[in-house]
Q: 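Take this structure first; my questions come after.
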Amino acid sequence: MPRLDADHVLRLVQPGDGAPLARAYTTNREHLASWEPVRNDEFYTAAWQERHVDQCVADVDSGRGYRFVLVSDDGEIRGRMNLNNVVRGAFRSADVGYWIDASRLRRGLAGRGVAELVRFAEQELSLHRLQAATLLDNVASQRVLNGARFTEIGLAPQYLHIAGEWRDHLLFQRILA
């Protein structure tokens with residue numbers, strides 16, 4: 001479990017994380033609303049989150065995805081870091097996604113977490129390429145990616161359905177090895 005600072009570690013999602021994830025998403029519901037898909041009320045329950053945890057564990061077992069949680073020393077989840085859509089073979093690629101608890105912003109956690117995802121993708125998974133996408137106005141996330149040596153590669157019109165509408169995104173990549 002890499003320590004990202006004096007108060008936070010990054011670890012893979014594990015069984016039993018459903019209730020802390022539900023608390024984290026509920027606490028950050030307003031903070032995340034403009035950056036994520038519209039969520040129904042069930043999403044914010046421990047039961048729904050625990051089912052999602054089961055899928056996360058299955059994805060690790062199959063090599064399709066690696067979802068991490070940022071855990072503070074009080075045991076609460078304060079963010080997520082994800083390697084999604086892992087593709088092997090000639091592509092050896094994955095998509096990067098992340099969010100940080102509103103109370104933990106501007107502490108460098110996102111940058112250190114993304115750096116850890118890059119290390120994990122390269123050293124543990126032997127991936128060649130990582131891709132990330134940000135909304136056009138998400139300057140903070142763009143700074144995180146630039147700081148992690150991602151390169152902007154273009155504009156993707158109507159890329160993801162975020163906050164109830166199809167939104168344009170900037171695409172970034174990092175070539176690993």
Side-chain angles (χ1 to χ4, degrees), residues 1-57 59-60 65-85 94-121 130-150 159-164 167 169-170 172 174:
M1 292 195 317
R3 187 159 278 283
L4 299 183
D5 68 6
D7 303 316
H8 300 90
V9 297
L10 190 67
R11 66 160 170 78
L12 284 167
V13 169
Q14 63 191 25
D17 280 342
L21 277 167
R23 286 192 300 276
Y25 277 110
T26 298
T27 299
N28 286 280
R29 190 173 189 164
E30 192 173 314
H31 165 60
L32 297 174
S34 60
W35 312 112
E36 291 198 334
V38 173
R39 310 286 193 187
N40 64 29
D41 288 339
E42 185 183 15
F43 175 86
Y44 298 93
T45 67
W48 192 98
Q49 290 297 326
E50 196 61 40
R51 288 192 301 274
H52 176 66
V53 165
D54 292 343
Q55 183 61 57
C56 292
V57 171
D59 287 348
V60 168
Y66 299 83
R67 279 67 171 239
F68 297 83
V69 286
L70 178 68
V71 182
S72 58
D73 285 344
D74 64 4
E76 291 299 318
I77 291 174
R78 305 298 183 172
R80 294 281 305 265
M81 298 273 162
N82 302 313
L83 291 172
N84 295 313
N85 306 316
D95 294 319
V96 171
Y98 52 89
W99 64 265
I100 301 295
D101 186 290
S103 71
R104 302 298 202 264
L105 297 176
R106 290 176 279 292
R107 296 183 185 190
L109 290 167
R112 287 189 294 278
V114 169
E116 182 57 31
L117 286 182
V118 168
R119 185 210 63 77
F120 183 83
L130 295 176
Q131 178 177 298
T134 72
L135 289 165
L136 301 183
D137 59 345
N138 193 344
V139 176
S141 191
Q142 292 161 22
R143 274 195 293 260
V144 166
L145 294 170
N146 285 324
R149 299 187 358 237
F150 280 69
Y159 186 66
L160 292 172
H161 199 254
I162 300 296
R167 303 283 306 276
H169 282 67
L170 288 177
F172 293 79
R174 174 148 174 204

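Numbers for residues simply follow the sequence, beginning at 1. Source: prediction; values computed, not measured.
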Q: What's the shortest heavy-atom distance between Ser103 and Arg78, and which atoms?
A: OG-NH1, 4.5 Å
Q: Under 4.0 Å between a side-chain nitrogen and a carboxylate oxygen: does that hold for Asp17 and Arg67?
A: no
Q: Closest heavy-atom contact between Ser72 and Arg104?
A: CB-NH2, 3.9 Å
Q: Please tell me if the side chains of Val144 and Phe150 come closer than 4.5 Å, counting only heavy atoms from C-beta onward.
A: no
Q: Which heavy-atom pair separates Ser141 from Thr134 by the least distance, and what is that distance?
A: OG-CG2, 3.6 Å
Q: Over all heavy atoms of both residues, which pair between Ala19 and Ala46 is shortest? Give the atoms and the distance, please.
A: CA-CB, 3.7 Å
Q: Is there a side-chain contact between Leu170 and Gln142 (heavy atoms, below 4.5 Å)?
A: yes
Q: List the atom of Gly97, the atom of Leu117, and the distance in Å for their closest heavy-atom pair.
A: O-CD1, 4.4 Å
Q: Rounded to the nearest 0.5 Å, what's the gap from CG on Leu145 to CZ on Arg174? Could you check?
A: 11.0 Å
Q: Side chains of Ile162 and Leu135, heavy atoms from C-beta outward: is any pair under 4.5 Å?
A: yes
Q: Rounded at 0.5 Å granularity, tell me how far CG in Leu32 sits from CZ in Arg80.
A: 11.0 Å
Q: Please tell me if the side chains of Phe43 and Gln49 come closer than 4.5 Å, counting only heavy atoms from C-beta onward.
A: yes
Q: So which atom in Met81 and which in Val114 form the shortest heavy-atom distance, rounded to 0.1 Å?
A: SD-N, 3.9 Å
Q: Knowing that exactly one of Leu12, Leu21, Leu10 qualifies, which makes a side chain to side chain contact (heavy atoms under 4.5 Å, CB included) with Val69?
A: Leu21
Q: Looking at Phe68, I'd like to know if the NZ or CZ of Arg11 sits under 6.0 Å from its six-membered ring centre while staying within 45 degrees of the ring's axis.
A: no
Q: Could you walk me through whether Asn85 and Asp95 pass the side chain to side chain donor-acceptor pair (under 3.5 Å) check?
A: CA-CA 6 Å; Asn85 306 316; Asp95 294 319; 2.8 Å; yes
Q: So that I can tick it off, tell me whether Arg29 and Asp41 are bridged by a salt bridge, with the cut-off set at under 4.0 angstrom between side-chain N and carboxylate O.
A: yes
Q: With a 4.5 Å cut-off on side-chain heavy atoms, are His52 and Val13 touching?
A: no
Q: I'd like to know if Arg107 pairs up with Asp5 as an ion pair, taking the criterion as any Lys NZ or Arg NE/NH1/NH2 lying under 4.0 Å from an Asp or Glu carboxylate oxygen.
A: no
Q: Would you say that His8 contacts Asp101 through its side chain, given a criterion of any heavy-atom pair below 4.5 Å between the two side chains?
A: no
Q: Show the numbers, then the answer: is there a ring pair (Phe, Tyr, Trp, His ring centres under 6.0 Å) between Tyr25 and Trp99?
A: CA-CA 10 Å; Tyr25 277 110; Trp99 64 265; 5.1 Å; yes
Q: Does the separation of the ring centres of Trp35 and Tyr98 fall below 6.0 angstrom?
A: no
Q: With a 4.5 Å heavy-atom cut-off, do Leu70 and Leu4 have their side chains touching?
A: yes
Q: Is any side-chain heavy atom of Pro2 closer than 4.5 Å to one of Val9?
A: no
